[in-house]
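Have a look at the structure below before the remarks.
The structure displayed is predicted, hence computed values, not measured ones. For the single chain, residues carry numbers from 1 onward in sequence order.
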Amino acid sequence: MADPKGFMTTPRQDWPRRPVEERVRDWNEVYVPGALLPIVNRQADRCMDCGVPFCHDACPLGNLIPEWNDLVSRDDWRQAADRLHATNNFPEFTGRLCPAPCEAGCVLAINQPAVTIKNVEAAIADRAWELGLAPPRPPERLSGRTVAVVGSGPTGLAAAQQLTRAGHTVAVYERDDRLGGLMRYGIPEFKMEKHHLERRIEQMRAEGTKFRTSMVVGRDVGASELRTRYDAVVIATGATAWRELPVPGRELDGIHQAMEYLPLANRVCEGDLESSPVSAAGKHVVIVGGGDTGADCLGTAVRQRAASVTQLDIYAQPGTERDEDAEPWPTYPKIYRLSAAHEEARELRTAPAASADARLFAASTLRFTGDGGGHVRSLHLVEVDAARRPLPGTGRTLPADLVLLALGFSGPDRGDGLIDQLGLQMEPRGTIRRDAGFVTSVPGVFAAGDAARGQSLIVWAIAEGRAVAAAVDRHLTGSSQLPAPIGPFDRPMMV
């Protein structure tokens, strides 16, 4: 604890964002380059080194937050990087994309703004790369065992890296043409530039992990063949079966799933396309869904120069302070948060129908109507109460040339045949069934991440990858020294 009074003398200061008018003209990350390092030491000083650090329990990775906060406050970047990488394979991902449940669990957050844990994490990760503190760590010897990992999202990559470092020969199968899963094509460039992802993949290649892109397991290579060829198989395909909106007019042209829209914008950034075939340019856009994916669509539509953008959230607008009765500390509270995309929409006034930012809260979609050519032109909605019952006299109509459905995901997509070819048992909610050792109903086949847990956060995905790696290592060798931060049935802290 470098400064025992730091939490009393230093106010919270977040990584500053670039001006809205500047950042919406490009696809670069929203933060001011180089503006984090000058403030991060004093922000780390705010860590109280409390006796029981609840940030550990709030983070499924068990990140050693007080330790690396103290090291950052002392400018010991080498030790800080070591402590951070001891629990997290990809801290530059979580430092940019995680909603930071650790900060909700910070003891300081009981009555003050929490420590900027997420910013400190990003600073350590970036500094580690700048100083050459994240070299490849190939195994000293090979075990002679082979593992196939299906899916290259955060779970698959974390599992593959851990198993490779343990000495196993690992091949990652990815159905897309590039690696990264939703981090590649689902996360917009302005939230995480893809060079962060490329750098980790190159590190993993240097360690010995093999990658097979444009390979759909179940179609391009049989699932049973994969099971025969490898000593163990890890299914980490994510939850990509999107939820639908069964209302009148859904069949109209111009209504797309968010994960049809976002990948095309990312492919423009990758240089694959000159422009997106599903662009918001000049259109009145309505996004149905109030979560992070909806916010990603919002920021993307703003950069594509939409005529207007409105986001519908079926839940009532939350308050700005934690409800101590419903969501007491240290649980992650549902409060009003202003993402970078919402900040942009507010300043640019993209949604004339909304009072503050682009969101309409407690709004339920009733139906869509279109023009004579079968293209959507309007969305009809109604306000609802807490039980989602329509409130009389609150119906309204929004112009809508493009509608994006961001309603979440129900489980893994079964269209590729992987699940059925292996004969895996499923849970009633659509996820893959597994036991306490991450093993599916088929011996030697493991399931991890959103495919088995259900839609979750990136920090849980990485934790699942690390934990399933320990389970596979134990299955192959009889024991394992790999860390297993969570079990398959662990859940976030909640009331």
*Start with the C-alpha distance between Arg388 and Tyr315, add both sets of side-chain angles, then the distance that settles side-chain contact (heavy atoms from CB on, under 4.5 Å), and finish with yes or no.*
CA-CA 8 Å; Arg388 301 188 182 182; Tyr315 296 102; 2.9 Å; yes
Side chains of [X] and [Y], heavy atoms from C-beta outward: is any pair under 4.5 Å?
X      : Y      : result
Pro492 : Tyr332 : no
Glu270 : Asp177 : no
Trp129 : Gln203 : yes
Leu381 : Arg396 : yes
Val30  : Glu344 : yes
Thr300 : Phe190 : yes
Val107 : Trp329 : yes
Arg434 : Phe446 : no

Taking [X] for the side chain and [Y] for the main chain, is one N or O donor matched with an acceptor at less than 3.5 Å?
X      : Y      : answer
Thr431 : Glu427 : no
Arg359 : Ala354 : no
Arg46  : Leu108 : no
Asp323 : Asp325 : yes
Arg303 : Asp26  : yes
Gln43  : Pro11  : yes
Glu207 : Arg137 : yes
Gln455 : Phe409 : yes
Gln304 : Ala280 : yes
Gln311 : Ile287 : no

Show me, pair by pair, the donor-acceptor contacts under 3.5 angstrom made by side chains of residues 51-65, not counting sequence neighbours?
unit_1: His56; atom_1: NE2; unit_2: Asn63; atom_2: O; d: 3.4
unit_1: Asn63; atom_1: OD1; unit_2: Thr87; atom_2: OG1; d: 2.5

Just how far is it from atom [atom1] of [X] to atom [atom2] of [Y], taken to the nearest 0.5 Å?
X      : Y      : atom1 : atom2 : result
Thr209 : Glu202 : OG1   : CD    : 11.5 Å
Leu131 : Ile124 : CG    : CD1   : 12.0 Å
Leu182 : Leu97  : CG    : CG    : 11.0 Å
Trp242 : Leu405 : CH2   : CG    : 10.0 Å
Ile39  : Asp14  : CD1   : CG    : 7.5 Å
Leu298 : Thr350 : CG    : OG1   : 6.0 Å

Would you name the heavy atoms of [X] and [Y] that are closest together and state the gap between them?
X      : Y      : result
Ile117 : Cys102 : CG2-SG, 3.6 Å
Trp460 : Asp490 : CZ3-O, 3.8 Å
Gly465 : Ala158 : CA-CB, 4.1 Å
Pro412 : Gly430 : CD-O, 3.3 Å
Pro38  : Gly34  : CD-O, 3.2 Å
Trp15  : Ala122 : CZ3-CB, 4.2 Å

_Looking at Arg349, I want to see if its CZ is surrounded by more than 12 non-hydrogen atoms of other residues, nucleotides or ligands under 6.0 Å._
no
*Does Glu324 CD have over 12 foreign heavy atoms under 6.0 Å away?*
yes
*With sequence neighbours left out, what residues match Lys283 under side chain to side chain contact (heavy atoms under 4.5 Å, CB included)?*
Val285, Asp401, Leu402
*Test Arg127 against Glu130 for salt bridge (Lys or Arg N to Asp or Glu O under 4.0 Å), laying out the working first.*
CA-CA 5 Å; Arg127 196 74 173 134; Glu130 292 171 10; 3.0 Å; yes
Thinking salt bridges, do [X] and [Y] make one under a 4.0 Å N-O criterion?
X      : Y      : value
Asp70  : Arg83  : no
Glu198 : Arg184 : yes
Glu92  : Arg96  : no
Arg23  : Glu347 : no

_Ile458 vs Met192, side-chain contact (heavy atoms from CB on, under 4.5 Å): CA-CA, chis, key distance, verdict_ = CA-CA 13 Å; Ile458 185 172; Met192 187 183 79; over 6 Å; no
*Cut-off 3.5 Å, side chains only: do Glu383 and Thr394 have a donor facing an acceptor?*
no
_Is the terminal nitrogen or CZ of Arg267 (NZ for Lys, CZ for Arg) located under 6.0 angstrom from the six-membered ring centre of Tyr185 and within 45° of that ring's axis?_
yes
*Candidate pair Arg12 and Glu103, rule side-chain contact (heavy atoms from CB on, under 4.5 Å), full reasoning*: CA-CA 12 Å; Arg12 177 180 171 115; Glu103 293 187 15; 3.1 Å; yes
*Val32/Arg18 under side-chain contact (heavy atoms from CB on, under 4.5 Å): CA gap, chis, key distance, verdict*: CA-CA 5 Å; Val32 177; Arg18 295 187 289 142; 4.0 Å; yes
_For His196, run the side-chain hydrogen bond (donor to acceptor under 3.5 Å, both in side chains) check against Arg199, Glu193, Lys194, Arg200 and tell me which one passes._
Arg199
*Which pairs pass side-chain hydrogen bond (donor to acceptor under 3.5 Å, both in side chains) with one or both residues in residues 284-297, sequence neighbours excluded?*
Lys191-Asp296, His284-Ser308
